[in-house]
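In this text the structure is predicted, and so the values were computed from the model without any measurement. Computation of the quantities below employed the complete heavy-atom set of this structure, encompassing side-chain atoms and omitting hydrogens, waters and symmetry-equivalent molecules.
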Amino acid sequence: MVELTAGQRQVTDDLDQLLAILPPPLGYSLTDHPQREELLEIVLDLGRLPEARFMQSTQYLAETPVSREMLQYAVARVGEFSGDNRAGIERTLHRISALRNRQGTIIGLTCRVGRAVFGTIGMIRDLVESGQSILLLGRPGVGKTTALREMARVLADDLRKRVVIIDTSNEIAGDGDIPHPAIGRARRMQVARPELQHQVMIEAVENHMPQVIVIDEIGTELEALAARTIAERGVQLIGTAHGNQIENLIKNPTLADLVGGIQSVTLGDEEARRRGTQKSVLERKAPPTFQIAVEMLERDRWVVHLDVAESVDLLLRGRVPSPELRTVAENGTVVVTHPAPEPSPQRSEWPPANVRSSWRDSGQMQPLGEPLRDRANFAQLLEATLDAPTVGPNGEELPLHIFPYAVSRHHLEQAIHTLHLPVVITRDIDQADVILTLRSHLKGESKLRHLAHIHHLPVHSIKANSMAQIVRGLRHLLGMEDTSPTDTADLSLFSPSGSNDELEALEEARLAVEEIVLPKGQAVELLPRSANIRRMQHELIEHYQLTACSFGEEPNRRLRIYPSRPH
């Protein structure tokens, strides 16, 4: 299949097969309908006029109310209804849901059109390829199941992974024993009854050795626990859950475990004063089951939380996280922005106003009006220590071929390009010289260890997906001496766009570190910046192996850099 961009999509709907189950007059009225491609569902309720619901309108299909004979005509042409009152049409993605009276007789049908849309995940394809678990959130009808189906196909066909779909209602792979071609090489496990979904999830891991499990509608506590068990076994999870935003999961005690679980913690007096909060606070209980969460606001407008743990921690402290907003431009390209979060009136500021004392408050830190200093950049330092080697530390020929596992490909490419490193990123493990992964994945990743053993590859781990950690990992793999924290960083590494605002903010942080924090051991407050620029400053500060905290209310939220970790 031709690879599609975010703006290029192919749709397969098998609509004629759905219309064939309707009584002939109703099916004929939709065969050549001008809005056929926008049809969402057909509603047949006993004693009422039949309706066709489109994206923007609703129309009656006949002037005669629906009779029992019409309902029976449709029911006889679909598969058997399962315990959740859903049925399908074999080898299609259509869903027929039944309304029953108290005696169990069907008195209404909702015939929902199922479409396979190829190219829906162009906005987050880089995340799908990262190997991290992804949770999709959004209102009904926004396209969660469609995106889930496409992710399964991409992972199975393009990335050649072993993918198993837990298809409780046959919505992902269609009705019947033979799955719909839209899932590609992925395998599908059907669920006899909805309440058994969690058991089938565990069975899939134990019996079929998947690298990826795809789950639609995680809705019970048992299913959330099963998802955590699967994640702890090193299997990538792709799933959906009930809720529109991460906040919905935090407030839902049944599903809170998906984002780490919530517990009440009592702080000491000193810590409560430091945070400016009450002594009893809510905190995250464990690492999230899903590392990435995607809030599907509209079909072409998604909010991406790249670090669910950080977003949940901020929300529990009354702050607003700063996720990515991904949209599709008119030319089909993906546009990634970091909109400034709206201030929350309930957020507490730390440190409190009455105890604030800092270098910036004393007037010593002023906005930069002079041009950036022309100093030796980080790339030159790397080249000096590298001294143009022709072999790697283990005797392998350069360039070094790296197979990233759950490591940000974007950060890797930026570091390699900016620092001119003799490194090539490969998706074919057979061509790799080494596997680069996160330390958290290596701890319980028996499959990763098995993969490395089969291909006789060394595994190198880094602590986090930050630019500083990735640069250190690359330096170590190339056998280069580690730089001192005082070595000047290349600001272009931490500024994706290279805009003047970003470079000025990074230069401000660099000057504060090199002229105050490191030589004098003093904490420094920086000028207020947007959330996106603060994130860049955080990564730069990590390069110097220091710690910084954000505090204050927007638009005056800013960083404080510490000479060591605050106690």
Side-chain angles (χ1 to χ4, degrees), residues 267 270-277 281 307 310-311 313-322 338 340-373 375 466-468 485-489 491 493-495 499-567:
L267 304 176
E270 182 178 347
E271 179 67 12
R273 280 195 302 270
R274 188 182 73 82
R275 295 192 185 187
T277 64
V281 297
D307 189 339
E310 180 182 4
S311 294
D313 290 345
L314 288 172
L315 288 168
L316 291 177
R317 293 171 187 170
R319 302 173 184 172
V320 179
S322 179
H338 292 80
E342 297 181 1
S344 170
Q346 297 179 346
R347 269 190 256 165
S348 59
E349 183 178 311
W350 183 85
N354 59 348
V355 297
R356 185 174 298 131
S357 177
S358 69
W359 187 43
R360 192 185 71 82
D361 289 336
S362 67
Q364 297 182 52
M365 174 62 88
Q366 301 295 332
L368 295 177
E370 55 180 315
L372 302 180
R373 293 189 177 185
R375 300 181 57 165
S466 67
M467 181 61 73
T486 58
D487 285 337
T488 300
L491 300 184
L493 263 178
F494 307 93
S495 173
S499 68
N500 289 335
D501 288 343
E502 292 178 359
L503 292 175
E504 181 184 80
L506 291 170
E507 178 71 353
E508 178 195 13
R510 184 188 65 77
L511 289 174
V513 169
E514 295 183 3
E515 298 185 4
I516 301 297
V517 180
L518 290 175
K520 298 183 180 180
Q522 297 179 9
V524 175
E525 274 183 28
L526 303 182
L527 295 173
R529 302 286 181 180
S530 67
N532 184 37
I533 290 181
R534 291 200 307 273
R535 179 182 59 80
M536 298 177 195
Q537 290 177 324
H538 268 293
E539 290 206 347
L540 175 63
I541 292 161
E542 185 184 354
H543 162 75
Y544 292 98
Q545 301 179 27
L546 298 174
T547 302
C549 293
S550 296
F551 67 96
E553 300 285 329
E554 298 288 359
N556 295 316
R557 194 160 176 77
R558 53 201 178 275
L559 256 61
R560 170 175 286 187
I561 309 173
Y562 296 89
S564 61
R565 292 189 177 274
H567 298 289

If we ignore hydrogens and angles and just use 3.5 Å, is the side chain of Arg557 paired with the main-chain N or O of Gly552 as donor and acceptor? yes
Nearest heavy atoms of Pro519 and Val513, plus distance in Å: CD-O, 3.7 Å
What distance do Leu506 atom CG and Leu540 atom CG have between them, rounded to the nearest 0.5 Å? 5.5 Å
My understanding is that only residues two or more places apart in sequence, or in another chain, count here; which of them pass side-chain hydrogen bond (donor to acceptor under 3.5 Å, both in side chains) with Asn556? none
Quick one: CD on Glu514 to CD1 on Ile516, what's the gap to the nearest 0.5 Å? 11.5 Å
Pairing residues for Leu314 by the side chain to side chain contact (heavy atoms under 4.5 Å, CB included) criterion, not counting sequence neighbours: Glu310, Arg319, Pro321
Do Leu546 and Leu518 have side chains that get closer than 4.5 Å, going by heavy atoms? yes
Looking at every heavy atom in both Leu559 and Phe551, which two are closest together, and how far apart are they? C-CE2, 4.4 Å
Report yes if the side chains of Glu507 and Arg510 come closer than 4.5 Å at any heavy-atom pair, otherwise no. yes
Smallest separation among heavy atoms of His538 and Ser550, with atom names: NE2-OG, 3.3 Å
dist Met536:CE -> Leu503:CG (nearest 0.5 Å) comes out at 9.0 Å
Within the side chain of Glu508, is there an N or O that forms a donor-acceptor pair under 3.5 Å with the backbone of Leu526? no
Calculate, to the nearest 0.5 Å, the distance between atoms CD and CD1 belonging to Glu504 and Ile533 respectively. 9.0 Å
Taking all atoms of both residues into account, what is the closest heavy-atom pair of Gly521 and Pro563, and its distance? O-CG, 3.4 Å
Minimum-distance pair of heavy atoms, taken over all atoms of Tyr562 and Cys549: CE1-SG, 3.9 Å
Qualifying residue for side chain to side chain donor-acceptor pair (under 3.5 Å) with Asn532, from Arg529, Arg534, Arg535: Arg535
